[in-house]
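Quick notes on the structure that follows.
Heavy-atom basis, side chains included; hydrogens, waters and symmetry copies ignored. Order of the sequence lines fixes the chain letters, A, B, ..., with proteins taken first and strands second; residue numbering starts at 1 for each chain.
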Amino acid sequence: MKPKPRINIIMWGFMGSRLTSSTRCMSTSTKALSRFGWWDRVSPAAKDPITGVTEAFLADTNPHKINLGVGAYRDDEGKPVVLQCVRNAEAKIAGCDFMESNATAVGSKLVEESAKLAYGKDANVVKEGAFAGLQALSGTGACRLFAEFQRRFHPESPIYFPDPTWSNHPNIWRDAQVPVRTFQYYHPVSKGLNFAALMDDIKNAPDASFFLLHPCAHNPTGVDPTVEQWREISYQFKEKSHFPFFDVAYQGFASGDLDMDAQAIRIFLEDGHLIGCAQSFAKNMGLYGHRVGCLSVLCADAKQAVAVKSQLQQIARAMYSNPPIHGLLLVSTILSDPETKALWVKEVKVMANRIQQMRSTLRESLEKLASPLNWEHITNQVGMFCFSGLTADQVDRLVREFHIYLTRDGRMSMAGVTTSNVSYLANAIHEVTRYNREASNVC
Amino acid sequence: MTSTSTMLSLASAPPTASLSVHENLKGRLKLGGGSLSFNKERANPFINTKSFSRISMVAAVKVSRFEGVTMAPPDPILGVSEAFKADNDKKKLNLGVGAYRTEELQPYVLNVVKKAENLMVERGENKEYLPIEGLAAFNKATAELLFGASNPVIKEQRVATVQGLSGTGSLRLAAALIERYFPGAKVLISSPTWGNHKNIFNDARVPWSEYRYYDPKTVGLDFDGMIADIKAAPEGSFVLLHGCAHNPTGIDPTPEQWEKIADVIQEKNHIPFFDVAYQGFASGSLDADAGSVRLFAARGMELLVAQSYSKNLGLYAERIGAINVVCTSADAAARVKSQLKRLARPMYSNPPIHGAKIVANVVGDPTLFNEWKAEMEMMAGRIKNVRQKLYDSLTAKDKSGKDWSFILKQIGMFSFTGLNKAQSDNMTNKWHVYMTKDGRISLAGLSLAKCEYLADAIIDSFHNVS
């Protein structure tokens, strides 16, 4: 019996979909049916602005191509790196009988070590256990868990992001049905922090608002507040009873020192804020594909922490049940063994130093080319990214003419710069900017 | 420097109905601004601040924004394992979660998995991000395993496959897709079904209702009820079906019944949505266990299929699975895939590599694949043996004449014993047998050695507790 074709025009119209022919013929099936397609209403999604860059890069066959898109560390040969500490851990755990009963222990270890990393190993909050900690699917997963949790318990509250912020932040909170707002952050003229405007926005936001902060190596700008500025921000947050949520994706990549990079968090802790914190081990341990991170929410006491954790676990259960074990094993193996941990700390410094080196070299090269523009921001900015100030048109030219790939907001991942490609890069940047005085508007 | 009063830019999502689970939180928020208390011991002088002339910052009484958060109820399935661990009795038996155990009741890492992992270490592969849709080699392998490599849906590229975090993650992606593109459409789930299904659809804001499935009188399938309920549902509903080895009952439709189910689904323009968590574990044959899915695909129907490798490759903790959407055209499949990616990105960005590589290596290598098939048969075989022994023990010990043959008729890891909550509690409290309150026991956690003990427990609970 032929089913009636479905004609729910109203629904289709609402979805604003591409309507295609509703007749489909199955060539080989025994009961060929002509009917509409369920997924006719589905239009193609735009490419993700960041991963789309990598896709385009991979498709390019030009020998000079450079990928400055995604924030993934590369060595001086432009190759992905598996840290030695990770290889050591890998060798320890490969092929051995993993006991499921260990999963809880491993997870707890990860949470404990993550908390020490963020809050300081002697922090009271760590000693007292007054925080709800849960392993998460890297930084994204930690943010999403928190966004869902925020929505569940403060359904009316929006989240404030710095302008600009990582392009996936609004997606995460929106899919969690949390309204999204921004506060001023980056000053396009100085290519630094617009501190006065930032403080105004904090003051003008309704009391008890949720704010997302990058504690170091701001993505995409590389612009971080100074320690003094962080103290003022913390003070103002107290005055306004705002909730600070830290997205910690680059601890170690800003200064090369893990503790120094956590300063902002520690200032807030000292001031008594009960913060939330998303941590990622993607970059600083090079565990990108393993999706390992941690979400922690500081609580009034250990009892409340248990309740909060139970709710977070419930949210996770309906999303993916449990996090993948392999990455957790690697991180907990590395952080539990003092020697391996010490090796890790060294390797983080090496990565951070190489990036700092490339920053200096790129800036020098541009200055040597007698670029009319000011490139101080390349070395002023911190972490993996340089917010170059290039316009979308200039970026397009870099892609088309020079096969240099970066996001259209002008964000360059300095991790993709090497000794062998830095001159090519400098020349290309110079080429697309030399006649463009107005765009930058600096001395 | 301009110092205008700043405008906070608004980029808010459309207002939605409040989903607040804890209405009593409203109005109870304490604003910390007015309740700073001075605590001299923890004063924190701002020694280097230039522009601020104010009192020193103190550590205020810690006021949490989440003060009113109550304890979530323990997960009914995972909670069982936790209770089991806490029990010190030597006779204790964990028949809770569906995780395969050897005859020695130890977790089992498949040999092919160890081999694959060693290969991976030798190759020293990197740990870069996977694309949002996951590992291409895995996606190809998993779709082919499900449909068969020569299936028209594969050859015509009509399947949108996206790697997901095991079954749960794949179901969640599908649920999010349904919510976005079929707002208001219902998912029909079997009564009973895996406990987490409801959570997934609830959190994804997809309405659901149940269709009759388990018949307690026969301890079998209420087929007429199932068909009637699927027929009665609004046109264009999603019907969640267990591809094989129904969880929790172990009761699967026969091939003839599957045909009738497909008929009524087509009649009502419903869309079939398969949860395939036990391919290989039902009969021991990977192909045979994909029979129901292939039957529907052969009819030219569009369908959703969530897969998991937790059980059949023992990769529970690696979280590897996939969501497949069979479409009428390659173009539709490409579009659907792009939208699944758009849902995954704000959830976790990209899926974990390790499990994907293991599966791709095992399925992609003929030697390893054959070894896997043998191990799969071994695991399924052990469960079949345990079923037989349990049945034999029950029949021998129980003098009441009760028909225990449902144990043999049921298939897969689980058996629905027909024990009610009180009886299940008795199993735990008196006999230290841990199971879920719906009467489900996981045979994967049962050894031949313990069958007689279990039989005693079941007989006692069944006859002496109401």
* Validation row, ring centre A:Tyr160 to ring centre A:Phe183 under 6.0 Å -> no

* Determine the option with the most heavy-atom pairs under 4.5 angstrom with chain A, choosing from B:Arg172, B:Lys198, B:His197, B:Lys341. => B:Arg172

* Structure fact -> Under 4.5 Å to a heavy atom of chain A? For B:Leu303 that would be neither

* With side chains defined as the heavy atoms from C-beta onward, is the minimum distance between A:Asp175 and B:Arg180 less than 4.5 Å? -> yes

* Asked: Is it the side chain or the backbone of A:Ser138 that comes within 4.5 Å of chain B heavy atoms, both, or neither?
  -> neither

* **Contact class of A:Glu148 relative to chain B, heavy atoms under 4.5 angstrom** => side chain

* Hey, does A:Glu90 have a side-chain heavy atom less than 4.5 Å from the side chain of B:Lys127? -> yes

* Asked: chain B heavy atoms under 4.5 Å from A:Val292: which part of the residue, side chain, backbone, both or neither?
  -> neither

* **Segment of A:Pro158 engaging chain B (4.5 angstrom heavy-atom cut-off)** => neither

* Asked: Is it the backbone or the side chain of B:Lys337 that comes under 4.5 Å from a heavy atom of chain A, or both, or neither?
  -> neither

* **Top contributor to chain B interface from A:Pro323, A:Ala136, A:Pro170 [non-hydrogen pairs under 4.5 Å]** => A:Pro323

* Considering only heavy atoms from C-beta outward, does the side chain of B:Met120 approach that of B:Ile358 to under 4.5 Å? -> yes

* Is it the case that A:Asp207 and A:Ser241 place a side-chain donor and acceptor less than 3.5 Å from each other? -> no

* Could you tell me whether the side chain of B:Glu133 reaches within less than 4.5 Å of the side chain of B:Leu340, counting heavy atoms only? => no

* **Options B:Asn350, B:Leu177, B:Leu130, ranked by heavy-atom pairs under 4.5 Å with chain A, top entry** => B:Asn350

* **Most contacts with chain A, counted as non-hydrogen pairs under 4.5 angstrom, among B:Met347, B:Arg345, B:Lys268** => B:Arg345

* Are A:Pro324 and B:His354 side-chain neighbours, meaning at least one heavy-atom pair lies under 4.5 Å? -> no

* To do: Tell me, for A:Asn168 versus chain B, whether the close heavy atoms (under 4.5 Å) come from the side chain, the backbone, both or neither.
  => side chain

* chain A contact via B:Leu135 - side chain, backbone, both or neither, heavy atoms under 4.5 Å -> neither

* To do: Indicate whether any N or O donor in one side chain lies under 3.5 Å from an N or O acceptor in the other, for B:Arg342 and B:Gln339.
  => yes

* Going by heavy atoms in the side chains, are B:Asp203 and A:Met319 under 4.5 Å from each other? -> no

* Nearest heavy-atom pair of B:Phe238 and B:Ala185: which atoms, and what distance? -> CE1-CB, 3.9 Å

* Are A:Phe237 and A:Phe243 an aromatic pair by the rule of ring centers under 6.0 Å? -> no

* **Atom group of B:Val121 that falls short of 4.5 Å from chain A, counting heavy atoms** => side chain

* Among the options A:Val308, A:Asp48, A:Asn171, pick out the one with the most heavy-atom pairs lying under 4.5 Å from chain B. => A:Asp48

* Heavy-atom pairs under 4.5 Å with chain A are the metric here; pick the option from B:Gly169, B:Ser349, B:Ala356, B:Ala332 that has the most. => B:Ser349

* **Segment of B:Ser166 engaging chain A (4.5 angstrom heavy-atom cut-off)** => neither

* Can you tell which part of A:Gln229 gets under 4.5 Å to a heavy atom of chain B, answering side chain, backbone, both or neither? => neither

* **Contact class of B:Val153 relative to chain A, heavy atoms under 4.5 angstrom** => neither

* Distance flag, aromatic centroids of A:Phe210 and A:His154, threshold under 6.0 Å -> yes

* Asked: Which region of A:Leu83, side chain (C-beta onward) or backbone (N, CA, C, O), has a non-hydrogen atom less than 4.5 Å from a non-hydrogen atom of chain B, or is it both or neither?
  -> neither

* Asked: Is it true that the side chains of B:Gln106 and B:Arg101 contain a donor and an acceptor less than 3.5 Å apart?
  -> no

* Proximity breakdown for B:Asn196 and chain A, heavy-atom pairs closer than 4.5 Å -> side chain

* B:Ile320 portion near chain A, given a 4.5 angstrom heavy-atom threshold -> neither

* Structure fact -> In terms of heavy-atom pairs under 4.5 Å with chain B, the winner among A:Val82, A:Val81, A:Val86 is A:Val82

